[in-house]
Structure formats: C-alpha cells, structure tokens
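This report concerns only the one structure given below.
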Amino acid sequence: MAALPRRIVKETQRLMQEPVPGISAVPDESNARYFHVIVTGPEDSPFEGGLFKLELFLPEDYPMSAPKVRFITRIYHPNIDRLGRICLDILKDKWSPALQIRTVLLSIQALLSAPNPDDPLANDVAELWKVNESEAIRNAKEWTRKYAMDN
Amino acid sequence: MGNCLKRATTDDISLLRGSDSVRETSSDQLGPSPYQETLPIQAASPVYHPSPSVTRSVGQLTEEEQVKIAKRIGLIQHLPTGTYDGCKKARECVICMVEFIVGDTVRYLPCMHTYHKSCIDDWLMRSLTCPSCMEPVDAALLTSYETN
C-alpha cells in the first residue's frame with residue numbers, strides 16, 4: 001500500500017478528535033481513503049429524525065481533486081438523484097484544495113436544509129418541489145420515515 | 001452550476017471501484033519488475049489538467065488547451081516566491097496541512113495567501129485561483145500590470 005499522504009492522516013485524526021455535530025465519518029478498516037459517513041437530517045427540515053448513510057472516497061490526487069461522495073440511503077431531494085449522486089458545486093467545478101472532508105460534509109448537511117429545485121439533479125422531484133412544495137415536503141418526510149429511520 | 005445533469009451520466013457511480021484501482025497501482029509499486037525500467041517514457045509522460053476535473057496526457061491536449069496551459073505556466077512564473085522565515089501568520093499550508101518550517105520554499109499569491117511552492121503550483125496548473133479566497137490569480141496579476 002502506498003503511504004497515505006500526511007493530509008489524509010491529519011484530517012482523519014481531526015475528524016475523530018473533534019467530530020462535526022450531526023455527522024460521523026469513519027475510515028474503512030481496509031482502505032483509509034474510503035469513509036463510512038452518517039449525516040443526521042437537520043432540524044426543521046423534512047429530513048429531521050433521519051439517519052442518512054453516505055460513502056466518501058478520496059481519489060488518488062486528493063486534495064487536488066474533490067472527494068467523491070454519494071448517498072447510500074434513499075432520499076427525496078431535488079439535488080440528489082435515485083443513485084445517491086449529489087449536485088453540489090464544491091464537489092464539481094467549485095472544488096478547492098482548501099476545502100476538507102469536514103467542510104464537504106457540512107455543505108451536504110446544509111444542502112438538506114436548503115434544497116435548490118432550480119438546479120436539479122432529480123428532475124421529477126425538483127418539478128414537484130417547484131409547483132407544489134408542500135406535497136414535495138410531505139414526500140420527503142415520508143421517504144425519511146421509510147428509508148432513514150430504524151435501520 | 002446547472003451542468004450537473006449533463007455530467008451525471010459520466011460520473012463513476014461506484015466509489016469502491018475507484019478504491020480498487022488505487023489498490024492496484026499501489027501494489028504495482030510494491031514489487032517493481034526490473035523490466036519496467038525499460039519503459040520509463042510511458043510512466044514519466046507528463047499529465048496536464050486544463051481544468052481541475054480534466055486529466056490529459058500531452059498528446060491528448062487540443063491546441064487550445066496547449067495554449068491555455070502555456071499561458072498558465074507563464075503566469076505562475078511571475079508570482080513571487082520566497083523562503084519561509086517563521087514570522088508569517090500562516091503556520092500551516094492549507095493544501096498539505098503540514099506546518100511551515102523555516103527554510104521552506106513558499107509562493108505568495110496577489111491576495112497575500114501563502115503556500116508551499118510545490119503545493120500551490122500543483123493547484124495553479126489546474127486552476128488559476130487562490131484555494132483559500134477563490135480570488136482569480138490571473139485577473140489580479142493583469143490588474144497589477146496595468147497599474148504599474
């Protein structure tokens with residue numbers, strides 16, 4: 001195994017020592033670049049009470065390129081598709097090596113509090129979010145209860 | 001933003017597949033066969049990033065991208081470098097997260113953010129922006145040329 005860059009070692013240590021409230025990120029036992037992540041649904045959002053599993057992978061040229069992150073738990077959100085892929089600018093063209101695993105996960109948590117149907121990844125969800133927000137929020141709560149609780 | 005739909009189809013869905021390829025390359029490095037020494041050209045072929053998420057070998061670059069990269073190299077060379085003397089505010093390079101040690105070669109961006117030269121040059125070859133404040137480095141340079 002190639003030596004793990006100091007930065008990844010440091011980030012992992014800091015994540016363990018000062019965890020982000022509502023977020024847990026644990027490196028895989030066999031691959032220190034692969035993290036098992038759990039994000040709790042933010043308060044006052046349709047995802048409140050849910051525990052959302054994600055996977056995060058640090059590519060070989062991290063931090064020059066962004067971590068790859070995907071929701072494993074199904075979620076009803078206009079910027080997250082049925083495969084769990086996330087539409088978030090800092091994971092694409094707005095990535096900067098000054099960002100970290102911590103800041104990426106905080107941004108994802110913020111995306112749950114502030115869905116952006118004008119920049120959709122899941123078209124049908126975004127459409128409903130725009131034309132009938134209350135029904136979309138009802139669906140999101142239903143999916144949270146169905147897929148993100150008691151499992 | 002707004003281009004996620006188009007890109008989504010080319011995204012690698014399985015993150016684990018990425019990890020496999022890392023394992024493969026690292027195990028390759030563990031036991032290099034002596035025959036590999038006869039093929040250094042392929043291994044040493046430089047790779048460029050016309051934009052942060054795009055990786056291309058020299059032969060794959062379009063003419064437009066070659067010009068873009070040549071200009072970028074020129075601009076980077078104009079950015080001042082120095083030696084860390086221990087009295088700057090920044091204690092840690094935010095790119096590698098290693099503390100600056102007196103004598104380290106650093107590069108100063110026009111916004112006054114400082115990084116290890118090797119760390120920031122690696123990034124600037126992908127994007128001419130300051131990682132910390134997102135200030136475009138090229139625009140700042142052009143402005144300073146105009147005022148001089």
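First the proteins, then the strands, lettered A, B, ... as listed; each starts at 1.
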Report task. Consider only side-chain heavy atoms of I, L, V, M, F, W and Y, link residues closer than 4.5 Å, and tell whether A:Leu4 and A:Ile101 are in one cluster. Result -> yes
A:Ala98 and B:Pro131 have their tightest heavy-atom pair at CB-O, 3.3 Å
Tell me whether B:Ile101 shares a hydrophobic cluster with B:Tyr84, the cluster being built from Ile, Leu, Val, Met, Phe, Trp, Tyr side chains joined at under 4.5 Å.
no
| message | Quick check: do B:Met97 and A:Arg14 have side-chain heavy atoms less than 4.5 Å from each other? | response | yes
Worksheet item: Linking I/L/V/M/F/W/Y whenever their side-chain heavy atoms sit closer than 4.5 Å, directly or via other members, would A:Ile72 and A:Val37 fall into one cluster?
Response: no
_I'd like to know if A:Val104 and A:Ile8 are part of one continuous hydrophobic network [Ile/Leu/Val/Met/Phe/Trp/Tyr, side-chain heavy atoms within less than 4.5 Å]._
yes
Q) Is A:Arg7 reaching over with its side chain to a backbone N or O of B:Val94, donor-acceptor style, under 3.5 angstrom? A) yes
So, the part of B:Cys119 with a heavy atom under 4.5 Å from chain A: the answer is backbone
ask   = Are the side chains of A:Met64 and B:Ile95 in touch, meaning some heavy atoms are under 4.5 Å apart?
value = yes
Okay, A:Asp118 and chain B: the region with an atom under 4.5 Å from a heavy atom over there is neither
ILVMFWY network linking B:Val98 to B:Trp123, side-chain heavy atoms under 4.5 angstrom: no
